[in-house]
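One structure is given here, and the rest of the page talks about it.
One-based numbering, in listed order, for ligands and for the atoms of each.
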Amino acid sequence: MNINLQGRKALVGGSSRGIGLAIAQQLAESGASVTLMARSEDKLKQITKSLHATYPSQKHQYLVVDFTDFSRYSEVIKRYFSKNTVDILVNNTQGPKAGTPLEKSVEDYQEAFDVLFKSVVFTTQLAIGRMRSQQWGRIINVASVSVKEPLSYLVLSNSIRAAVVAWAKSLATEVGPDGVTVNSILTGYFDTERLGELNQKKAEQQQIKPEEVRSHMTGQVPLRRLGIPKEYGFLAAFLASDKAGYITGSNIPIDGGLLRSL
Ligand SMILES: NC(=O)c1ccc[n+]([C@@H]2O[C@H](COP(=O)([O-])OP(=O)(O)OC[C@H]3O[C@@H](n4cnc5c(N)ncnc54)[C@H](OP(=O)(O)O)[C@@H]3O)[C@@H](O)[C@H]2O)c1
């Protein structure tokens with residue numbers, strides 16, 4: 001099966017490393033023009049140059065944004081959409097802070113809401129007009145297995161991501177007649193810098209080595225390993241393609257079998 005995204009334009013959040021970067025790379029490899037978004041301009045510059053550009057139609061660019069500063073973010077993204085359109089939007093941001101329900105303050109919940117929900121809704125609303133008028137579009141949300149089975153110590157993810165997938169399901173119903181699909185990926189444990197940082201914190205708290213935290217984690221996964229970001233990119237590229245035209249309103253786990261529920 002050949003995934004051909006030639007002529008498609010994609011905007012990918014949090015794409016200077018980890019899952020977002022792997023998605024951007026795979027979309028570019030499949031022929032799309034990609035706009036990257038993150039804070040680190042130097043990295044974004046380098047990645048933009050390194051992305052595949054096999055077809056003459058491919059033009060990659062980047063936006064320097066900070067999802068934690070909504071007012072600035074909204075200005076930058078509105079300016080982008082005043083000059084650009086996208087066919088594929090990948091809603092991916094940094095993960096929320098770790099913690100339990102009682103450790104977190106209302107301010108923490110508000111901050112997580114602004115980053116994980118508000119910025120996603122805002123960006124999608126800017127992108128979707130064009131998708132609807134051309135009767136083709138793809139919205140892909142990077143979510144988490146936490147929406148089905150809440151993860152310990154990640155209450156902000158558990159609660160706000162559940163709101164994102166519920167919103168995505170409602171949106172899929174509304175824009176389905178216009179040929180726009182909306183899907184959420186339920187992320188399991190992926191070998192990224194974020195996971196390394198979370199494991200480091202856990203190890204410090206439990207006074208054990210980070211490798212022990214990692215081996216406990218892989219022990220929970222039926223495939224006995226962490227996900228490789230490239231594998232995530234393959235799923236996203238498939239969902240972004242014509243081949244996935246009949247998949248919408250779905251929450252698709254990519255987790256090595258981690259979720260125990262059906
Ligand atoms: N990895 C996992 O196992 C896992 C599991 C479940 C869910 N997830 C979720 O999947 C998403 C991606 O995870 P990941 O592991 O790829 O994370 P990551 O390695 O931390 O990458 C996060 C990306 O977001 C960018 N970013 C961070 N803070 C930002 C900000 N304030 N404004 C704009 N961009 C920002 C980072 O680049 P800059 O630093 O350059 O800004 C980077 O490109 C997260 O929401 C995470 O919670 C991950």
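- A salt bridge is absent between R39 and D69; no separation between the charged side-chain nitrogens and carboxylate oxygens falls under 4.0 Å.
- Listed by chain and residue number, the protein contacts of ligand 1 are G14, S15, S16, R17, G18, I19, A38, R39, S40, V65, D66, F67, T68, N92, T93, Q94, G95, V142, A143, S144, R161, T187, G188, Y189, F190, T192, E193, R194, L195 (heavy atom within 4.0 angstrom).
- Not counting sequence neighbours, the partners of E103 by the side chain to side chain donor-acceptor pair (under 3.5 Å) test are Y153.
- A cation-pi arrangement is absent between K104 and Y109, since the terminal nitrogen or guanidinium carbon is not both under 6.0 Å from the aromatic centre and inside a 45° cone about the axis.
- Here side chain to side chain donor-acceptor pair (under 3.5 Å) pairs that include residues 237-250, with residues two or more places apart or in two chains, are W136-D242.
- Listed by chain and number, the residues in a side chain to side chain donor-acceptor pair (under 3.5 Å) with E231 are R225 (sequence neighbours excluded).
- Counting heavy atoms from C-beta on, the side chains of Y80 and L126 never come closer than 4.5 Å.
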